[in-house]
Amino acid sequence: MLANGEKLGAFIVPTGVGASIGGFAGDASVWARKLSKKCKLIVNPNVVNAACFSGINENMFYVEGYSLDEFFRGKCKLIPSFNNKIGIVFDKSVPQRILNVHINTINAVKTVYGINVIGYEVTKEPVDVEFFVNSSGESMGNVKNLDTIKTSALELIKQGAEAIAIVCLFPEDDGSDYANGIGVDPVGGVEAIISHYISKELKIPCAHSPAFENIEISTDIVDARCSAEYITPTFLPCILIGLNQAPKLSLSKGISVKDLDFLVMPYNSLGGIPVFEAQKRGIPIYAVKENKTVLDVTKDKLGINCTELNSYEDVLDLI
């Protein structure tokens, strides 16, 4: 519980594991928003990011995965922050015409939301991103030149940036299964590699948005859960809106894992650090059965103490 007596929860949907709720484009937002009416709520970007939309609100803390793990380990505290100064790193591989679309996007977000984007840097070298889905159905990938992102991010921090947005060029993918609501978001796993690296190295809020050379908007009807990504040529708005109010990270002061009242997870993806740390610290864990992933890591297989609930509606009633 927070110092003011308000409850604090964490609502997590792991990235790249094909969650039936939250594995697409902001499709867990509706439940996060409902829960955030009852308490302060920590969310990972995967919960609320939705291309040109965002499910974030002022009662949520937007925390990237590596920093979230550090928070649960007790190695990082969160200092609430609003109107962060945001710097953007663009992959050198992004063609100028695509960069221009993103610059227009930045200006639109600044105009409509008053978000403080202090500037951008283009990496000195191509980042060179690859992504794929492994034999277990998880989204994975490789990034050949992470250091060039770090170099540009450091330059933006020198200019006063308090949060870093990253835009890398991704190879094209037909995404037909994903568009039909089947399987995993193919780019989610490698996006996590990028954001985890910058968070670990620079101890600063960050998030990633992919860029593609083909910016033509499809006229096909797709699954409603991923539709946000099919009506826009850029996914940058959601991460700028999220980073605008991402909490600053601190070793010594702020909200700690000791303040956390509960953790909500999909029921069969319980193998992560937040779950193990919550178990160790006696923080209630709620595993939601209606949210299934490609994993098969349940409380019975782990031998942990957690409460299985049928739906997010049941979580709301319990809280």
Side-chain angles (χ1 to χ4, degrees), residues 9-39 41-57 59-65 68 133 136-139 175 177-189 191-192 207 221-231 235 238-239 241-242 262-272 274-275 278 284-299 301-302 306-319:
F11 185 110
I12 299 174
V13 179
T15 304
V17 296
S20 55
I21 300 172
F24 295 87
D27 52 304
S29 290
V30 62
W31 294 113
R33 291 175 71 86
K34 287 180 178 181
L35 197 53
S36 71
K37 292 179 180 179
K38 297 177 177 289
C39 61
L41 195 66
I42 297 169
V43 297
N44 60 316
N46 192 53
V47 169
V48 292
N49 282 353
C52 54
F53 306 103
S54 173
I56 199 81
N57 65 28
N59 228 30
M60 297 183 199
F61 299 117
Y62 184 89
V63 184
E64 180 276 335
L68 196 58
V133 176
S136 299
E138 298 172 82
S139 172
D177 286 345
Y178 177 69
N180 291 320
I182 302 168
V184 304
D185 178 355
V187 306
E191 286 194 281
I221 301 297
V222 298
D223 189 281
R225 293 170 295 174
C226 59
S227 56
E229 295 181 347
Y230 286 81
I231 60 170
F235 303 161
C238 64
I239 69 169
I241 295 167
F262 63 88
L263 167 64
V264 184
M265 296 286 299
Y267 95 103
N268 66 349
S269 60
L270 300 179
V275 171
I285 303 166
Y286 303 132
V288 180
K289 287 186 174 181
E290 72 173 338
N291 197 358
K292 299 178 176 64
T293 74
V294 298
L295 304 179
D296 186 22
V297 186
T298 63
K299 74 166 190 172
K301 292 201 170 184
L302 293 174
C306 88
T307 302
E308 288 188 344
L309 299 170
N310 288 324
S311 68
Y312 284 113
E313 192 70 53
D314 290 341
V315 176
L316 289 170
D317 290 342
L318 183 61
I319 300 303

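The first residue in the sequence is number 1, and the count goes up from there. Keep in mind that what you see is a predicted model, and the values were worked out from it rather than measured.
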Minimum heavy-atom distance between Pro45 and Glu64, given as atom pair plus value: CD-CA, 3.8 Å

CG (Asn49) and CG (Asp27) are apart, to the nearest 0.5 Å, by 11.5 Å

Does any part of the side chain of Thr307, heavy atoms only, come nearer than 4.5 Å to the side chain of Pro284, both counted from C-beta? no

From Ile56 CD1 over to Ile241 CD1, what is the distance, rounded to the nearest 0.5 angstrom? 9.5 Å

Of all the heavy-atom pairs spanning Val47 and Val13, show the shortest one and how long it is. CG2-N, 3.8 Å

Flag side-chain contact, heavy atom, 4.5 Å: Asn59 against Leu41: no

Gap between atom CD1 of Ile42 and atom OH of Tyr62 - 0.5 Å precision: 15.0 Å

Looking only at non-hydrogen atoms, find the nearest pair between Ala25 and Ala50 and report the distance. O-CB, 3.6 Å

A side-chain contact here means heavy atoms from C-beta on lying under 4.5 Å apart; do Ile319 and Tyr286 qualify? yes

Would you mind reporting whether Ile231 and Phe53 have side-chain heavy atoms less than 4.5 Å apart? yes

Contact between Phe61 and Leu68 at the side-chain level, heavy atoms closer than 4.5 Å - yes or no? no

Checking the side chain of Tyr178 only, and the main-chain atoms of Phe24 only, is there a donor and an acceptor separated by less than 3.5 Å? yes

Rounded to the nearest 0.5 Å, what's the gap from NZ on Lys38 to CG on Leu318? Could you check? 10.0 Å

Backbone N or O of Glu290 within a donor-acceptor pair of the Ser311 side chain at under 3.5 Å? no

Smallest heavy-atom separation, Leu270 atom then Cys306 atom, equals CD1-SG, 4.1 Å

How far apart are the closest heavy atoms of Tyr230 and Ala179, and which atoms are they? OH-CB, 3.4 Å

If we only count heavy atoms from C-beta on, is the Phe262 to Cys39 side-chain gap below 4.5 Å? yes

For Ala19 versus Asn291, what's the shortest heavy-atom pair and its separation? CB-OD1, 3.6 Å

Main-chain N/O of Ile182 paired to Asn180 side chain as donor or acceptor, under 3.5 Å: no

Check: Lys292 main-chain N/O paired with Asn268 side-chain donor or acceptor under 3.5 Å: no

Looking at side-chain heavy atoms only, is the closest gap between Val275 and Met265 below 4.5 Å? yes

Candidate pair Tyr312 and Val264, rule side chain to side chain contact (heavy atoms under 4.5 Å, CB included), full reasoning: CA-CA 9 Å; Tyr312 284 113; Val264 184; 3.6 Å; yes

For atom CD1 of Ile221, is the number of surrounding heavy atoms from other residues, nucleotides or ligands below 6.0 Å larger than 12? no

In Å, rounded to the nearest 0.5 Å, how long is the span from CG of Leu263 to CD1 of Ile12? 5.0 Å

With the side chain counted from C-beta on, respond yes when Trp31 and Glu313 share a heavy-atom pair under 4.5 Å apart, and no when they do not. yes

Once you round to the nearest 0.5 Å, how far does OH of Tyr267 lie from CG of Asn310? 11.0 Å

